[in-house]
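Here's the structure, in structure tokens; my notes come after.
Throughout, a chain's letter reflects where its sequence line sits, starting with A, and its residues are numbered from 1.
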Amino acid sequence: MDLYFLCFILFCVGLYGVLRKRNIIKIIIGVVIIEYAVNLFLILIGYRLSGRAPVLETDQQIQNIVDPLPQAMVLTTIVIGLALIAVLVSLALKLYEKYGTFDITKIRRLRQ
Amino acid sequence: MKLIPLFILIPFCAAFLITLSAKWGKVVASVLANLAALSLFILSLFCINLVANHQILVFKIAGISPLLGISLVADALSAFMLVVVNLISFLAMVYAYSYMRRYADAWKFYALSMFMLAGMNGVILNGDLFSLYVFLEIASISAYILVSFGGQAEAIEASFKYAIMGSVASIFILLGIGLIYSYTSTLNMADISSVLATVPQGTLIGFVSILFLAGFGLKAAIVPFHSWLPDAHSSAPSPVSAILSGVFIKTLGVYALCRVFFNVLGFSCNMPMIFMTLGVLSMFVGAILAFAQNDIKRMFAYSSISQVGYIIFALGIGTPLAILGALFHLFNHALFKPLFFLNAGSIEYSTGTRNLSSMGGLNQKLPFIGYTSLFGSLSISGVPPFGGFWSKLIIILAAVNAGYFGFAFLAVAAGILTLVYYVKFQTFAFFGKENDNPLSVKGIPLAMKWPVAFLAAASILTGFLLIGPLRPYLDSAVNVLSSGIAYNDLLLGVFKQ
């Protein structure tokens, strides 16, 4: 239960970064932290206390293994997250080129 | 059954080939993208007929049982959505043949559009929640890049805003999927709902509902989550805006919402009321903000929010008649909103401005755009005999039948507001007096004309199609949603075969 709670705190830290920070690089880091918190949560779902790796041999009894499905899911989300971060960082660089600042409150040509 | 994976494979292969053939110029890339989109459209027509005969088609990837592995499921609702998505994508690709010529690296646009199309087809076809998330991300990430494609400061700003909000929404969806998995130990949609029927539903399902509503609601741009849409849709190149507004928000938002809420979690508790309230709120906020816009593309973007509000409102009523109205309005909106965005692109191409106040009297110089926009305007503002009138009429009748008189009145009022701002658009842009400093007008190439002509013709015809050939397909799609959780027993039966 403690682990889930810590995971939730990590999620909130990321959300705080996205909502409150003014520097766009810090906002991107906030998104990354939220994503890692959810990845950690998925891993925790599949974890069994003192469970072993889910490798199936032919003459083996299956007892107390961790759930492999969330691990497969997390691998996929990490790859998706990589693509997302690449897009976000390149957009941030382009924004810096155009506006000369990383401050989100000064990037507001759309709202004029 | 072998047909279904083609909807995902063809656009992926096309994107690959476009990237390989980049050095041979824009025409090759454009022809490849057009061929892929055309073949997908023909396949989707084939698929909807196949589904009409067989009801449900299932493709098991690698032959593993759908309960353990990944499966693709095509039923009446997915087949209907496939036709809409692939038709609009094909028309946008034809339009892009001329429109995208001014960009140096147009092949990137075609490759990314194909990725987006693959993602949308994947969202429509998949049978389990996690691959829904994966395809949703494929479509979303390509959309973030496509929004910034023009390269102006505004486009990049809009794209960044959209990317941050969209990625947080996706993470909410992933968190919801994780919670559902921890509760039911399965990811297959049909299996989840059959497990949920046997265990007591605690507060967890309510929490997951909120996560999904926020996540998919942001993708659909329902009102509290709408702020990215006007920026993103107005900054993107016109063919992209047409796909985004016409089908993208409906596939990733509305389709995913109704699939998850009607067929998986069960449409009960406070959900109908929440859907209706959010729908009415979207209608009004969208319509009022659209009225205040001076940039035509921003006006159309706000109008999209308003029209998606109608769809969400009708889904919230939940009776079969209301769902028929929702799906028919989705179809109509997918026809006339791309028409407006493509015409906005043509106006920009021809005159170089999107500003409503610097237009005026364009009808003499660009009669084609003027009259096709008139058809679209009449349809979207609900003038009989156009398609938009019938779908709004069905939605309002369904609301009255279900006893929601207040909401029905509000829907009528929002319809009148829609009429007002489209009349404003037509008078200011096309029928008004010519401006003091007249705009220089460039001729519009044929490839930018005929998709618009097709859409304008379709927006008249859909009203009659409802009586005739369109009805059985729509009815079977409505049946999928209105049978709710019971539909999954049918699906599980097919899985076991």
*List the steps and the verdict of side chain to side chain contact (heavy atoms under 4.5 Å, CB included) for B:Tyr133 and A:Thr76.*
CA-CA 10 Å; B:Tyr133 167 76; A:Thr76 318; over 6 Å; no
_If you apply the rule side chain to side chain contact (heavy atoms under 4.5 Å, CB included), what do you find for A:Phe41 with B:Leu179, and how did you get there?_
CA-CA 9 Å; A:Phe41 175 71; B:Leu179 285 168; 3.5 Å; yes
Answer with side chain, backbone, both or neither: which region of [X] has an atom nearer than 4.5 Å to a non-hydrogen atom of chain A?
X	result
B:Phe160	both
B:Leu187	side chain
B:Ser159	both
B:Val134	both
B:Tyr183	neither

Between [atom1] of [X] and [atom2] of [Y], what distance do you get to the nearest 0.5 Å?
X	Y	atom1	atom2	result
B:Ile156	A:Lys94	CD1	NZ	5.5 Å
A:Leu84	B:Ile164	CG	CD1	8.0 Å
A:Leu91	B:Tyr144	CG	OH	10.5 Å
B:Glu157	A:Ile104	CD	CD1	7.5 Å
A:Asp67	B:Ser185	CG	OG	7.5 Å
A:Ile80	B:Ser140	CD1	OG	9.5 Å

*asked:* Is there a side chain to side chain contact (heavy atoms under 4.5 Å, CB included) between B:Phe130 and A:Thr77? Walk through the geometry before answering.
replied: CA-CA 10 Å; B:Phe130 187 69; A:Thr77 39; 4.3 Å; yes
*Near A:Phe8 CZ, under 6.0 Å, is it more than 12 heavy atoms from other residues, nucleotides or ligands?*
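No - once you tally the heavy atoms of other residues, nucleotides and ligands closer than 6.0 Å, there are 12 at most.
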*Around B:Phe16, counting heavy atoms of other residues, nucleotides and ligands shown, do more than 12 lie under 6.0 Å from its CZ?*
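Result for CZ/B:Phe16: open.
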Show the nearest heavy-atom pair for residues [X] and [Y], with the distance to one decimal.
X	Y	result
A:Met73	B:Ile177	CE-CG2, 4.4 Å
A:Tyr99	B:Glu154	OH-N, 4.2 Å
B:Gly178	A:Ile45	O-CD1, 3.2 Å
B:Gln152	A:Lys98	C-CE, 4.5 Å

_Using side-chain heavy atoms (C-beta onward) and a distance below 4.5 Å, is B:Leu174 in contact with A:Leu42?_
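A side-chain contact under 4.5 Å exists here.
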*asked:* Heavy-atom pairs under 4.5 Å with chain B: which of A:Ile34, A:Asn39, A:Val79 has the most?
replied: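 Ranked by contacts with chain B, first place is A:Ile34.
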*asked:* Tell me every residue that passes side-chain hydrogen bond (donor to acceptor under 3.5 Å, both in side chains) with A:Arg48, counting only those two or more places apart in sequence or in another chain.
replied: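 Applying side-chain hydrogen bond (donor to acceptor under 3.5 Å, both in side chains) to A:Arg48 gives none.
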*Enumerate by number any residue of residues 16-25 of chain A whose heavy atoms lie under 4.5 Å from heavy atoms of chain B; in the absence of such residues, state 'none'.*
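Interface residues of residues 16-25 of chain A: A:Val18, A:Ile24.
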